[in-house]
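Input: a single structure, listed below in structure tokens.
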Amino acid sequence: MGTSGSKGIDGAGGADAAGGGAAGGGGEAGEGGHAPEAWHGGAQLYVSLKMENARIIGDLVPHVYGSEPIIGSWDPARALAMERELASLWTLSFVVPPDHETVDFKFLLKPKEDTTPCIIEEGPPRLLTGGMLEGDVRVALFKLNDDEVLEFRVFNKADIVSPLELAASWRVYKENFQPSRVRGIPDISINVAPTHATEEGSAATLELDLEHYVVPTPTAPPNEYAANLAATPASLIQTGALWTNDVLLSEGIQSPSTVSADFEGHSNHKKNIEACATDSARKIQTSGLIESKSVGTFTPLQKPDGQKGLFVDRGVGSPKLPKSSSACSLASGLSFGSAKTMPEAAGAVAAAAVADRLHGSKEDRKLAIALVGLPARGKTFTAVKLTRYLRWLGHETRHFNVGKYRRLKHGANQAADFFRDDNPEGIEARNEVAALAMEDMIDWMHGGGQVGIFDATNSTTKRRRMLMKMAEGNCKIIFLETICNDPLIIETNIRLKIQQSPDYADQPDYEAGLKDFMERLANYEKVYEPVGEGSYIKMIDMVKGQGGQLQVNNISGYLPGRIVFFLVNSHLTPRPILLTRHGESLHNVRGRVGGDTVLSEKGELYAKKLASFIEKRLKSEKTATIWTSTLQRTILTASPIVGFPKIQWRALDEINSGVCDGMTYEEIKKIMPEEFESRKKDKLRYRYPRGESYLDVIQRLEPVIIELERQRAPVVVISHQAVLRALYAYFADRPLREVPDIEMPLHTIIEIQMGVTGVEEKRYKLMG
Ligand SMILES: Nc1ncnc2c1ncn2[C@@H]1O[C@H](COP(=O)(O)OP(=O)(O)O)[C@@H](O)[C@H]1O
Ligand SMILES: O=P(O)(O)OC[C@H]1O[C@@](CO)(OP(=O)(O)O)[C@@H](O)[C@@H]1O
């Protein structure tokens with residue numbers, strides 16, 4: 001919306017320029033204008049009219065005609081055509097000279113370049129006297145034929161403005177809607193000399209110490225041992241087969257209510273959570289409670305009934321899809337619609353889910369990724385990362401860590417002997433917890449889960465055979481083996497393990513911990529059999545992001561394909577990713593969404609400060625790239641940055657607000673209350689008419705995430721509120737439902753540090 005779409009006459013800008021826009025004025029004549037006496041002081045009447053009707057009316061265009069020469073002196077052939085501002089909104093503004101105190105007018109419909117057909121609105125003319133609208137007619141009715149009447153909503157606004165004000169508003173209009181300043185900039189550019197000189201001592205200079213600008217992170221990514229964040233061992237908690245409740249606390253177990261919520265709908269576990277939750281001091285018996293689930297005698301899982309767990313959503317909001325009969329039968333056959341089972345997915349993810357549902361075998365619809373590898377080879381790290389990525393894309397994914405089960409059932413400080421290949425009790429105990437975790441995972445899949453990441457060493461053929469047997473008829477299983485031959489990396493990994501793993505939390509002596517871990521490793525190495533069976537992906541020496549190998553065998557399907565692609569591009573090279581919104585734009589100042597306006601003065605100051613920040617922060621970096629959207633507010637924000645290549649990405653453009661582009665939230669609420677409410681109800685899935693939803697944005701950002709994973713040098717992403725919320729949610733592992741409400745302030749830089757321990761975050765606020 002805005003002046004660009006309005007018709008300015010006699011040098012007047014559009015509705016905005018004259019003070020607020022008709023829709024914002026809510027149809028009140030004279031609102032915000034001067035007292036009627038001003039009418040006699042050479043002032044002019046600025047009239048702004050809007051009409052709204054969502055129905056398509058062929059080539060009929062709303063016109064205005066009336067008593068003034070400027071609006072055709074009651075000659076329909078000379079009526080003024082309204083401009084289409086949005087799909088359903090028409091607008092016109094004009095100025096009535098000072099000597100005309102009364103204006104009569106009517107709306108009419110006719111083709112723009114023709115006089116017939118010409119349908120004049122029903123009822124008497126509308127009357128504007130001394131800047132006031134008489135009556136309160138907010139609809140215009142057009143009789144198309146005997147039984148068809150077309151109704152438009154009407155918004156009128158009349159302001160008495162002095163010639164000076166008109167001139168000023170025209171200036172504002174020109175300033176705000178100047179043509180793009182950046183269109184000449186190629187998609188990839190680099191400027192070596194500053195485009196805006198930053199004089200020493202000016203407001204744009206920054207403190208030497210960037211720490212000065214650090215602000216707290218509202219919701220930092222959890223800084224916890226990664227395995228602790230894996231799924232709660234439901235079967236152990238439900239049977240009370242825990243080593244001790246102290247362990248339960250230290251492992252970050254969810255509260256009983258969360259556990260029961262997680263497992264709602266599961267068929268074969270008796271909910272017996274209270275037993276373990278109420279008796280916190282009791283040391284719980286460790287054996288004899290779950291024999292029925294030990295290896296070889298586990299009960300086959302019940303087959304799920306019904307068609308649970310379809311991962312499809314077509315978004316809410318307009319345009320509404322016509323309900324064809326085939327669409328209806330598809331929908332009912334695929335169980336769309338239940339808020340509980342409705343997952344958070346769109347686009348490619350939804351298309352793949354539908355295709356799998358229609359063409360794939362039942363088993364193929366659920367996927368288990370079973371990690372394989374020696375200890376300290378990055379299995380848990382990879383499991384966490386993959387879980388985060390798949391969840392962000394909208395797949396119901398959960399990480400099951402067998403170590404967590406082992407610690408809960410047998411205690412955290414088992415010595416290396418427990419892992420010996422000639423210790424039958426140890427082998428039995430380890431197989432048992434693996435089977436329990438696998439069973440919980442399959443159980444969870446039956447409750448709607450889609451991808452289970454099964455994280456254990458799974459380093460023998462026998463163990464893997466057990467898993468394959470359990471997966472039969474329940475899910476497809478792919479082994480993901482992490483192999484590392486670099487002694488330096490292994491050494492670092494082992495050090496991290498001893499420092500972070502709960503297995504060594506009670507071992508204050510690092511050397512003693514190291515000795516024990518090396519023994520454990522040797523025990524595993526003795527029996528380790530690399531994967532050669534079934535479907536598998538092998539990551540061999542991939543951590544550096546160059547060299548290495550990724551081998552795949554018997555892999556097909558949408559999701560396995562995405563997983564392979566993601567893994568090929570992942571690595572551990574530490575580097576920062578800096579995320580920031582553009583400097584304040586003119587639309588930000590006025591609270592208007594979307595658009596492609598330039599920066600405000602404040603925004604320009606931020607651009608200079610950002611350039612100075614980047615110069616300091618990335619001083620020691622040999623290479624770095626600056627990514628912007630293709631909208632001028634991000635390109636202008638990047639323009640003072642020198643020395644780094646700048647790349648424009650269409651995928652980084654702000655959420656497309658469709659027919660609401662350029663409106664304020666107030667205007668949307670007033671003109672399209674249903675749309676406003678739909679968005680409020682489900683901001684994640686709501687799709688602006690002719691625009692996008694947050695889910696759509698996430699889908700188009702996938703290549704950006706993959707590229708951010710693949711890059712080995714720092715990247716500065718200058719983008720927009722909605723886009724950055726979606727990108728940030730990936731790094732901070734925030735659930736999709738929270739994405740639309742993530743705080744993303746202007747003039748603040750979010751630094752994401754990628755590295756060997758995962759993701760860390762720091763924020764700098766350069767100005768208010
Ligand atoms: N593909 C990989 N190969 C080797 N090391 C890796 C790999 N991926 C991640 N790492 C590193 O290994 C460290 C320890 O990994 P972790 O996942 O705890 O090992 P595991 O689960 O295999 O015992 C991580 O902190 C990470 O820095
Ligand atoms: O999803 P909501 O909360 O509306 O936020 C997205 C909006 O943020 C805005 C500002 O209101 O981003 P931007 O600053 O990039 O212009 C709008 O353009 C965009 O529609």
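Position 1 is the first residue of the sequence; numbering continues from there. Both ligands and their constituent atoms are indexed starting at 1 by order of listing. Keep in mind the model is a prediction, meaning the values are calculated, not measured.
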Shortest non-hydrogen contact between E654 and L631, atoms and distance: N-CD1, 3.8 Å
So is [X] close enough to ligand 1, meaning a heavy atom under 4.0 angstrom away?
X    : result
L496 : yes
R377 : yes
G373 : no

Can you list the atoms of ligand 1 that are under 4.0 Å from a heavy atom of [X]?
X    : value
P375 : 23 (O)
A376 : 19 (O), 20 (P), 22 (O), 23 (O)
V756 : 24 (C), 25 (O), 26 (C), 27 (O)
L374 : 22 (O)

Describe, in one word, how the ring planes of H410 and F418 are oriented to each other, choosing from parallel (under 30°), tilted (30 to 60°) and perpendicular (over 60°). tilted
Is the ring pair F419/Y524 parallel, tilted or perpendicular, if the boundaries are 30 and 60 degrees?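 F419 and Y524: tilted rings.
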Side chain, backbone, both or neither: M542 near ligand 1, heavy atoms under 4.0 Å: neither
Should the proximity of T380 to ligand 1, defined as any heavy atom under 4.0 Å, be assigned to the side chain, the backbone, both, or neither?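 Near ligand 1, T380 shows its backbone as well as its side chain.
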From L496 atom CG to S501 atom OG, the distance as rounded to the nearest 0.5 Å: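 If we round to the nearest 0.5 Å, L496:CG and S501:OG are 11.0 Å apart.
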Pairwise side-chain contact, I671 with L89, heavy-atom cut-off 4.5 Å (strictly under):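 Result yes, sub-4.5 Å side-chain heavy-atom pair found.
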Check: L572 and I489 side chains under 4.5 Å, non-hydrogen atoms: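 SC-SC contact between I489 and L572 ruled out.
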Is the closest N or O pair between [X] and ligand 1 shorter than 3.5 Å?
X    : answer
F381 : yes
D455 : no
K379 : yes

Under a 4.0 Å threshold between the charged nitrogen and the carboxylate oxygen, would R763 count as salt-bridged to E761? yes
I'd like the name of whichever of V543, I494, T757 reaches closest to atom 7 (C) of ligand 1 through any heavy atom. V543
I need the full list of salt bridge (charged side-chain N to carboxylate O under 4.0 Å, His left out) pairs touching residues 704-713, with sequence neighbours left out, sorted by first then second residue.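 Found K385-E709, E707-R710.
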So which pairs with a foot in residues 477-489 pass salt bridge (charged side-chain N to carboxylate O under 4.0 Å, His left out), sequence neighbours left out? E481-K538, D486-K544
Contact set, ligand 2, heavy-atom distance under 4.0 Å, ordered by chain/number, equals R581, H582, N588, V593, G594, R633, E654, I655, Y665, R679, K683, Y694, H720, Q721, R725
Decide whether a cation-pi geometry holds between R377 and Y528; the criteria are a distance under 6.0 Å from NZ or CZ to the six-membered ring centre and an angle within 45° of the ring axis.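 No, R377 does not sit over the ring of Y528.
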Under the ring pair (Phe, Tyr, Trp, His ring centres under 6.0 Å) test, which residues partner F479, sequence neighbours left out?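 Not a single residue meets the ring pair (Phe, Tyr, Trp, His ring centres under 6.0 Å) criterion with F479.
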For Y504 and Q499, which I'm curious about, is there any donor-acceptor pair between the side chains at under 3.5 Å?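 Per modelled atom types, Y504 and Q499 side chains form no pair under 3.5 Å.
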